[in-house]
Amino acid sequence: GGTTVNVYGTGFVNNSGLTCKFGKMSIRGVYFNTTYIQCRSPARLKGVVSLQVSNNKIDFTEKNSAFYTYIEATSILSILPRSGPVSGGTKVMLYGSNFVQTGQLVCKFGDVVSAGGYVSNTTMYCFAPSVSSAKTVTLEVSSNGVEFSKSRMRFTFYNDLFVSSLIPKVGSEKGGTVVSIIGSNFIDSEALVCRFGNKDPVKAVFLSSSNVKCVVPKNSPDKVSVLVSNNGFDYVENSNAVFTFLPGARVSSFFPKTGS
């Protein structure tokens, strides 16, 4: 209970008899004008009840004309990823309980509300909004756009990273080359990774906010883009950051076989 319900209609009267009835439970209404009042839902178990209004506590509107749905409190247990760039757009998966497909499912990153997507009653997602600066905010969810969870989950916005170059830019198809990647806004975290083309991500070693290194995986001879991510999900690339896999050198014969 305790949800402020906005009720719209006609013929509302500003007097002491103005009442809302949720199922069998009545509560006083708050008058704004003849077409708009508010009522605070009383506590009860989850389910659907009729919502009726009366100006005199006796004569109520039709029982089957409006309905209110009580749902269990929503909570967040974990999120993935737990961070994203200030430019926004990160798809954040939320895992918890009592997510409801209402059409009003939303997330709130700090003070910014973002539309949510329903997957199941324990899984949903939201896209992180853009923000003006790097910071950590609370992340909550609501099934009705009004009442939010109180899970106090934390999401961190970091400055957009940038990749400018890499050294060396060539290596063997057998892999194993250690590549130094130059850029800005790298973050020292477990989620810091590199990706060579479409290969699986490899763990990056943080050296500074402008330098990380990664070990090149095996790959057939080719030129591929080198991408870096601070959170394991949002990758950044640059046309100058291309690594060339060369055919592995092989010795078939040599001459002479002796010498000083």
Side-chain angles (χ1 to χ4, degrees), residues 71-164 181 183-204 206 208-212 214 225-239 241:
I71 59 177
E72 294 183 3
T74 301
S75 65
I76 307 170
L77 298 178
S78 63
I79 62 173
L80 190 69
R82 301 178 67 89
S83 63
V86 295
S87 56
T90 301
K91 184 177 182 179
V92 183
M93 300 300 300
L94 296 87
Y95 305 95
S97 60
N98 302 320
F99 299 141
V100 181
Q101 191 172 18
T102 60
Q104 297 174 305
L105 190 62
V106 295
C107 291
K108 186 162 68 171
F109 294 79
D111 296 324
V112 184
V113 175
S114 173
Y118 179 85
V119 178
S120 71
N121 67 336
T122 60
T123 307
M124 62 171 287
Y125 63 88
C126 285
F127 290 95
S130 60
V131 295
S132 59
S133 61
K135 57 185 174 180
T136 298
V137 301
T138 56
L139 172 56
E140 303 292 356
V141 65
S142 172
S143 293
N144 62 9
V146 178
E147 292 178 300
F148 286 85
S149 58
K150 298 178 181 179
S151 304
R152 299 198 63 79
M153 194 62 59
R154 310 287 282 178
F155 184 86
T156 298
F157 289 93
Y158 53 78
N159 289 321
D160 288 17
L161 66 82
F162 176 74
V163 174
S164 59
I181 302 172
S184 58
N185 298 326
F186 298 133
I187 296 175
D188 187 7
S189 74
E190 290 296 320
L192 181 64
V193 292
C194 299
R195 199 177 75 203
F196 291 79
N198 294 322
K199 288 290 185 177
D200 291 336
V202 295
K203 176 69 178 175
F206 179 87
S208 72
S209 62
S210 60
N211 190 4
V212 299
C214 292
S225 294
V226 179
L227 304 89
V228 182
S229 173
N230 276 328
N231 64 2
F233 289 84
D234 299 299
Y235 286 87
V236 172
E237 62 181 310
N238 186 307
S239 58

| message | Checking the side chain of S208 only, and the main-chain atoms of S210 only, is there a donor and an acceptor separated by less than 3.5 Å? | response | yes
| Of the non-hydrogen atoms in G197 and L227, which two are nearest, and what is the gap between them? | O-CD1, 4.2 Å
| Least distance between heavy atoms, S120 atom then F99 atom | O-CB, 3.7 Å
| request: For residues V228 and V236, determine if any side-chain heavy atom of one lies less than 4.5 Å from a side-chain heavy atom of the other. | output: no
| task | State, with a plain yes or no, whether a side-chain heavy atom of P85 is found less than 4.5 Å away from one of Y158. | result | yes
For residues 102-111, tabulate all N or O donor-acceptor pairs below 3.5 Å that involve a side-chain atom, not counting sequence neighbours.
residue	atom	partner	partner atom	Å
T102	OG1	Q104	N	3.1
T102	OG1	S143	O	2.4

Only distances under 3.5 Å count here; give the side-chain donor-acceptor pairs of residues 128-136 to other protein atoms, sequence neighbours excluded, each with its distance to 0.1 Å.
residue	atom	partner	partner atom	Å
T136	OG1	T156	OG1	2.9

| Where do S75 and S97 land on the side chain to side chain donor-acceptor pair (under 3.5 Å) test, with the steps shown first? | CA-CA 6 Å; S75 65; S97 60; 2.8 Å; yes
| Distance (rounded to the nearest 0.5 Å) between R152 CZ and L139 CG | 11.5 Å
| task | Drop me the distance from L161's CG to I187's CD1, to the nearest 0.5 angstrom. | result | 8.0 Å
| message | Whether the T90 and D234 side chains hold a donor-acceptor pair (N or O, under 3.5 Å, no angle test) is what I'd like checked. | response | yes
| field | Main-chain N/O of S142 paired to E147 side chain as donor or acceptor, under 3.5 Å | value | no
| query | Counting only N and O atoms by type, is there a donor-acceptor contact under 3.5 Å from the side chain of K150 to the main-chain atoms of E140? | reply | no
| Residue pair V193 / Y235, side-chain heavy-atom distance below 4.5 Å | yes
| query | So, D188 side chain and F206 main chain: donor-acceptor pair closer than 3.5 Å or not? | reply | no
| field | Closest non-hydrogen atom pair between G116 and C126, with its separation | value | CA-SG, 3.5 Å
| request: Rounded to the nearest 0.5 Å, what's the gap from OG on S87 to CG on N159? Could you check? | output: 10.0 Å
| field | Separation between OG of S151 and CG of L77, rounded to the nearest 0.5 Å | value | 7.0 Å
| Roughly how far, to the nearest 0.5 Å, is the OG atom of S114 from the CZ atom of F127? | 8.5 Å
| field | Side-chain donor/acceptor of T74 to backbone N/O of S149, under 3.5 Å | value | no
| query | If you look at every heavy atom in N231 and P81, which pair is closest and at what distance? | reply | ND2-CG, 3.9 Å
| query | Is the closest side-chain heavy-atom distance between R82 and M153 below 4.5 Å? | reply | yes
| said: Please check this pair: side chain of N230 against backbone of N185, looking for a donor-acceptor N/O pair closer than 3.5 Å. | reply: yes
| request: Would you indicate whether the side-chain heavy atoms of T138 and R154 approach each other to under 4.5 Å? | output: yes
| L94 side, atom CG; Y125 side, atom OH - distance, nearest 0.5 Å | 11.5 Å
